[in-house]
Every structure is written in structure tokens, then in C-alpha cells.
Amino acid sequence: MSEPTASDSTSEPAARAATEADLRDLVAARRQKLRFLREELGLQPYGCRVDGLVDLATARATFDEAAHDAHEAQDAQEAEDGNDESMVDPRPRVLSSGRVIQHRDIGKLVFLRLRDETGDLQVSLSKKACDPSVFRLAKKLDYGDVVVAGGPMGRTKKGEICIWSDRLEIHSKSLAPPPEKWHGLSDPEIRFRRRYVDLHANPAAIQTLQDRSRIISRMRKFMENRAYLEVETPMMQSMAGGAAARPFTTHHNALDLELSMRIAPELYLKRLLVGGLPRVFEINRNFRNEGVDRSHNPEFTAMEVYQAFGDCWTMLELTESLLYELACAAASDRRSRGDETVEGADDAPVLPFGELKIDWKRPFEQVTYGDLFQRAVGFDMRDEVAVRAKVKELGLAKAEGMDHWFAVNEIFEECAEPLIDPARPTFVTGYPSAISPLTRPDPADPVLAERWDIFIAGMEIGPAYTELNDPEIQLAKFTEQLAGADDEEQAFRNLDEDFIEALRVGMPPAGGLGLGVDRIVMLLTGNLSIREVIAFPLMRPEDGSG
RNA sequence: GCCUCCGUAGCUCAAUUGGCAGAGCAGCUGACUCUUAAUCAGCGGGUUCUCGGUUCGAGUCCGAGCGGAGGCACCA
């Protein structure tokens, strides 16, 4: 959009009427100021490179009580002497930038509150202490403008630590009407659609993204310390495999190729095992064409790990160590910034999550699928007669025609999962083989698979498996799975022959793990919605056109 | 895909049985050298999500649509 020029307002009546209407508009008022800055003050309101900036937290930390007192004494002395020859100011000087979030004009004093990613800091300007053009700019600033302020770190008479600014530059004039300064921006729809406003209006939103970054960084370091190699595998695949989920589809023009966005990196990571990389992990996006709720976003970040000559128990130790360390670090971070909702000892943190207080102390809980089932319904999961009766009793219509073990799982999800203590990280081990076709059966009891799932706060955080590496069995299971799929599933399921070929080349036995990174971030930052921990969660376009 | 609730000024929210669409903040003009949601005086700001219907009269009631929140379903 082009800037109206000063001559616009003198043209024909229709144009003048429009301009008058614009004058009542919040945006128009800001354009007016933009013009003022350019034409009256001769400023370039969209700035340029500035060196030597420190963030606002650093600036605040620069404040020196003794220097402040010395300066006060100097001032008093000068007043007494009637001597206004300036002495050397003992206060440390800083140069910082930030977004104006408050603007108070008291006549010959102007107070600004600046915000950056480290917090807020007041900038004070006195007409007497700064250049007239600086002061004129200070009076014209709006909530939302991006400025650079420089001057000595001092304190106001009321005790507020501030920059007593004698240098002030505008580097970006904000033309958008700002959110309300006290209630802020709370409408979730606007918050997520206009996240750039949310982030500066709600410090908690920025904190969450900073925490997310640190958590993922720590995950990476943890994996690297254990000699895992980070890899990246295709997100666009001609066959989306590695999970049972609906993929998104897309199209490659030059190759005239139907492609799917990946639903899991598993089959490619395993190919790397075959290729000779014994410990690999990937932290990246998966895409699943499914519903959206507090714990599901169509694109989500997962960490998947494979370790040659490991098994699901290797992965259990890895997961417990990782999550425990992340929880301790998150608790420590939050405590050090004064978060009083964090409880528990440093080595046994308790983090709030909604109504829950999640106790992260080691070891995590472990319960077998079979025991939990027995505890929930009072009979053994292998008792086919009792299972059939229970299905009827529960009115699980869709389970009635099912094979025994699928019916067991329906009952498990209905009756047993709710028994898991949501306030404790809990590994559920020993899933039935029949519902874990791609997992190696337990040699001691082939009815059970070497697989576990970890649940926290009622959310599934991730599964781990002792992977199958026999190509014949894998092929048979894949084929069986395909045969069992209904028509809807058939549409997006297919057999990855190349993956079978890779297994024929020979994959070492391995443990595999998948963790939902967004959900881990939710738990460690106390955010109840996955959208809070994703910078730009999926939103339907406002015009509804798709 | 289904159910329930919600959509009023830039933001946060009011508006009685269906009876002139309001407030605070933000904005504009002016005053003010220590503000802390600054204060004081004055001024402006609306497609009540959209379309249709009932009615003398609709923000309010009815229908459809759009968007959001919560729940369900889907979801190794």
C-alpha cells in the first residue's frame, strides 16, 4: 500500500471526504504520525543496522546503585553551587532496542516502557536532558513502535530503574492498532492467527517458544552425548509408511508424481540402519490428516530413534533418562526465573499441568498391559469368553465382530487406560503381539510383543519397539495388515517393496522409539493446548475458502 | 464428520420481556518535570460475523452459512 502524500488532502471533494474519514481511524492516525516523522523531523522511520545493542535484561543488570548515588550527589552539588557545568556522568551507559508497550507523556517528561524477548524496561526522557528533536520524537511515539534508546542507566524518583535516554531513534513505525494494554490479547482465535501480535502482547507466549527451543536443544545434546547421529529423511514420500495414519497428498509437477507428506520417518531410518549407521535419530515434522484437538495438530514434531543391537528396554532406559533430565532442567529454569508453581526437590521435580501436579521423580512407573487389564476388568485378557461378554456389557458395538485381541484392546482403552496415574510418567509394557504386527514377539511369551507406550497426563507421549528384522516375517505381516484394511484404508495404504528389499539386505536387530516433542513441551511448560507450543498452529483461513 | 457453546468499536467487555448500541482501555486536541493500568478537560470511533426470515420494531427470536472454543469420533 502506498503512503498518502501531503498533497492528497487538497484534491477533489470525494478524496477529501475519504481523508477526513481516515482521520478518525486508528491506522490513519499512525500514518499521520509517520508523515510527521518524515516531513517535520526529517527522520527515516524504518531504520537500519545498529551495532552495540544489549537486550533489556542486560541493560537492567547494568544499573549500578553506587553510580546512581554518585550522580544524585553531583546533581545536588550542582544545584547548590548554581554551577551547571556538567561533570562526567558516573552512570553506566547502555544502548538497547525494544517495542514500545506503554507511552506516558507528562509534559516535560516522557516515560516509555520497552519490551524485548528478555522482558520490559522503562525508558525515561526529560526535556531538559535531551536534544529537542529527540524529545519531540519521544512525544510522538505510539504503542507498538520499535525504537532504539541509549543513555545512562538510572532510577526515577519513584525508584523505577530505567534508561535516562538522551539518544532515541525510531526504527519501525507500527501502523497497526495495538491490543488493549491491560487485558491484552486473549481471544485465542486472534492470538493464533496473528501470532506476531500475540508474542509481543503476551510475554508467556514468547517464553513458551523460548522454552521449546531449549528443550529441543537439550534433546539433541542428550542424543549426541550418547553417540546418536542426527539425520534427516524425506518428508515427501511416494508411499507414506511407518504408521497407520491418513497422509496428506501433494503433487510433483515436473515428475508428474503423486507424493504423500510423511506420517513417520521410520522406514527411512531403518534403511539407514541397514546402510550401516547404528545409532540414528531425527527430530522433525510428521503430517497426519486427522482431527485437531488440544493434543493433536496436523503437523507435529516427533523424535524418532533407532539403535542397532538395542531393544525396547534400551529405549525405555533412554526415554526415562531423557525425560527426567529435561524435567529437571525445565524445573531449574522455571525456578530461576521465579516460577513458584514448580515444586519438589531439584532431583525430583513436580511440575504443574492444569489441575495435575506431575511428579517426574525416577524411576517412572511401569505396569504391564496384562496386569492393567486384569486390574480394570477382573479377568485375564486371554480369556476369550470373558472378553466377548465384556464387549457386550460395555456396548462396544464396533468391537463385537472383532478378533479377540482387537476386542481386548478396545476394552483396554475403555477401561484400563483411565487407571494409569496421570500425574506419573508411566510405561505400559507387554502389548499383545496381535495388535503389534511390526514388533518382535517376546521370546519367553510370543503372545506378547516387545513394545511399550509411555503415558503422561493422559496423553500418549510415544511408543518403543524391539524392531522386526526378519524380511520374510515383515513381508507377511505387512501383507496381512493390508488385507485387513477396510476400503477407506486401502486408499492410502500400500506395500513398501523397497523397504522389504532393504531388510533382505540385512538390518541389525534394533530398538526403535518415537516421542511426541510438542506434547513433551506442553508438559514441561505447563501448556494444556498443543497450539500454545507451536509457533504457527494450523488455522482454517478466515474466508473459509479452504 | 457429529454434539454443545460462542462471535457487539482496534482490544477487553455490557446492553432487562424484542423497544434510541454503551463503558473502560486504545485514538485525536489541549494541560502537566517523576509516571507505574498516570491524571484532568474536551472530541471522534459500529456492516452487532454473513445471508435470509418472523415482527410496527431484531444485537436479542427462527433458518442457513462462515469462523472459533469445548467435547465425541478418527488417530501404532
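If you're wondering where the values come from, they're calculated on a predicted model, not measured in any experiment.
- The side chain of A/Pro178 lies closest to B/A26 when the candidates are B/C11, B/C75, B/A26.
- Of the nucleotides present, B/G42 is the one that pairs with B/C28 by Watson-Crick or G-U wobble criteria, both distances under 3.5 Å.
- Among B/U12, B/U33, B/G67, the nucleotide with an atom closest to any side-chain atom of A/Lys127 is B/U33.
- Aromatic ring orientation, A/Trp452 versus A/Phe427: perpendicular (interplanar angle above 60°, classes split at 30° and 60°).
- Here, B/G59 and B/C40 have their P atoms 34 Å apart, quoted to the whole Å.
- Distance check: A/Phe499 CZ to A/Met239 CE gives 12.0 Å after rounding to the nearest 0.5 Å.
- The distance between the ring centers of A/Tyr369 and A/Tyr431 falls below 6.0 angstrom.
- Rounded to the nearest Å, the gap between the C1' atom of B/U48 and that of B/A9 is 10 Å.
- With a cut-off of 3.5 Å on both pairing distances, the Watson-Crick or G-U wobble partner of B/C2 is B/G71.
- Pairing for B/U55 is absent, judged as Watson-Crick or G-U wobble with the two contacts each under 3.5 Å.
- A distance of about 7 Å separates the C1' atoms of B/U60 and B/G18, rounded to the whole Å.
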Could you walk me through whether A/Thr429 and A/Arg451 pass side chain to side chain donor-acceptor pair (under 3.5 Å), step by step?
CA-CA 6 Å; A/Thr429 65; A/Arg451 162 190 171 188; over 6 Å; no

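- In this structure, B/G22 forms a base pair with B/C13, meeting either the Watson-Crick or the G-U wobble geometry with both donor-acceptor distances under 3.5 Å.
- If you check B/A76, B/G67, B/A37 against the side chain of A/Glu189, the one that comes closest is B/G67.
- The base of B/A76 sits with one of its N or O atoms less than 3.5 Å from a complementary donor or acceptor on the side chain of A/Tyr465.
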